[in-house]
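Take a look at the structure below.
Values reported hereafter were calculated over all heavy atoms of this structure, with side chains retained and with hydrogens, waters and symmetry mates removed.
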Amino acid sequence: GGDGDRLTIMGESAGGNSILQHLTQSASFPYYRHAVVESGVYGGSKSGAYAESQYAAFVQRTRCANVTGATTWCLRNLSTVEVETAAAAEMGAAANNGWGPVVDGVQNKDHELLQIENGRFNKAARVLMGSNRDEAAAGQMHINPQMTRVELEAALAYSGLKPEVVQDVIQLYEPAPRGSYGYPKGYPGMWSRWWWINMRARTDLPFGGMPGHCATRKAARLLVKGGA
């Protein structure tokens, strides 16, 4: 069953960002009518220069680093374990900002969020957008569940927030009775309130941060403004 002329594409997190790519890359436009984006509004696209630097760094972590004139052939003959090992090491490097579609100036003409802001997207598609309330929770499993305020301040500062903004954010996300921000039943459980504040605040960081409420709402407003 189904109607091949009324296709809906849907994705969550990285999948949600993939849907934004389809919304802003014209080659995809004829193949769907509706799009659902769940927690996908974040900086997915990478510049060509960044992609080239990451490729070079990845090669250096393999046995292909010293192969002259046949690097591509060598990479294609690496085992799965070799590729996974090199990729894991590179993803942990300080200069690494993740993988993503490359802005090539041909099909992917610009960062997907900038394209939406400038009205360059599939205006014929109907779009449903949302975000998961605790999107950043899975990414915080490695963080001390008894996070202290000092650790929280350092984490928020590392996200690029100025010292005075860090204090404003902490105050905004303070739970009752110190503040008015709502948390789920059973809070705080095995986690400190500072862990909760960090997780919720990082989920809500705007464009370039986590794919939470703020970025989703901004993208939705830009889509409507652009004619969606």
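A search for side-chain contact (heavy atoms from CB on, under 4.5 Å) contacts involving F29 returns S26, Y32, N122, not counting sequence neighbours. Judged as a salt bridge (charged side-chain N to carboxylate O under 4.0 Å, His left out), and not counting sequence neighbours, the contacts of R149 are E153. Scored by the side-chain contact (heavy atoms from CB on, under 4.5 Å) test, R178 finds E174, R193 as partners (sequence neighbours excluded). Annotation: side-chain contact (heavy atoms from CB on, under 4.5 Å) contacts of Q171 (sequence neighbours excluded): none. For E151, there are no salt bridge (charged side-chain N to carboxylate O under 4.0 Å, His left out) partners two or more places apart in sequence or in a different chain. Every residue meeting the salt bridge (charged side-chain N to carboxylate O under 4.0 Å, His left out) condition with D110, not counting sequence neighbours, appears here in chain and number order: R120.
The salt bridge (charged side-chain N to carboxylate O under 4.0 Å, His left out) pairs that include a residue from residues 44-69 are R61-E90, R63-E82, where partners are two or more places apart or lie in different chains. Counting only residues at least two apart or in different chains, side-chain hydrogen bond (donor to acceptor under 3.5 Å, both in side chains) contacts with residues 14-25 comprise N17-Q21, N17-E112, Q21-Q25, Q21-S45, Q21-E112, H22-S28. Contacts classified as salt bridge (charged side-chain N to carboxylate O under 4.0 Å, His left out) and involving residues 157-169 (residues at least two apart or in different chains) are not found. For residues 8-26, there are no salt bridge (charged side-chain N to carboxylate O under 4.0 Å, His left out) pairs, not counting sequence neighbours. The salt bridge (charged side-chain N to carboxylate O under 4.0 Å, His left out) analysis of residues 20-35, with sequence neighbours excluded, yields no pairs.
When hydrophobic side chains of Ile, Leu, Val, Met, Phe, Trp and Tyr are connected at separations under 4.5 Å, V36 ends up clustered with M10, L128.
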